[in-house]
Amino acid sequence: MEIHRFEKLWLGASLLLIVGLIATIVYGAVGPGVAMVDDSGGTVDPSNLTASENFREPGVYESDDGGYDVYVRAQQFSFQPGSGSPIRVPADTEVTFYITSSDVTHGFNVVGTNVNTMVIPGQVAEITVNFDEPGTYHVVCNEYCGAAHHAMEGTIEVVPRSQYELQSQEVTDE
Ligand code: CUA
């Protein structure tokens, strides 16, 4: 069977297109380091958060591997810590956020980064991030959670590693 020259050309071009499309999908899935927030943070009893072994008192803690763990409670209409006092963490350090809600579904989005998760009562969202740049980062709630949803926001202060000191009042030995 003879295939016409132009037909071969088109066959080749459409194969190239298919390979190209698959390549962009593969790159989008694994290339930029984007991942879904899974259920690794575990579950909690939303009415009794601090009693849960998966969720400590809100605050910043030193973790065993030299990084920091930040426990954040979202509630109508604030992040604790974050809304009243900023969350202070060092730059160039692995910081893992554990976020849960004590009432309704909220969002936790650090503006200008890919840190973005739904915060569901009963579930602990776990996200690890490494802030390269010191500075002030804003946190917004991006799930409609009630009348003052638009006012639900917080702040993360990322300070140079050499200047960082864990504020003692944020640590509790329980
Ligand atoms: Cu919390 Cu919207």
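Read the numbers this way: they start at 1 and go in the same order the structure lists the ligands and their atoms.
Distance alone, capped at 3.5 Å, is enough to place a donor-acceptor pair between the Q76 side chain and the C145 backbone.
Vertex atom 2 (Cu) of ligand 1; arms to E143 O and H149 ND1; angle rounded to 10 degrees, 80°. Atom 2 (Cu) of ligand 1 lies at the vertex of an angle of 120° between the SG atom of C145 and the SG atom of C141 (rounded to 10°).
When distances to atom 1 (Cu) of ligand 1 are checked against a cut-off of 2.8 Å, Q76 contributes no N, O or S atom below that limit.
Rounding to the nearest 0.5 Å places CD of E157 at 10.5 Å from CD1 of I87.
Shortest distance from atom 1 (Cu) of ligand 1 to H106 is reached at ND1 (N/O/S atoms only).
Counting heavy atoms from C-beta outward, N142 and N116 have side chains that approach closer than 4.5 Å.
By the 30° and 60° cut-offs, the orientation of the rings of F108 relative to F97 is tilted.
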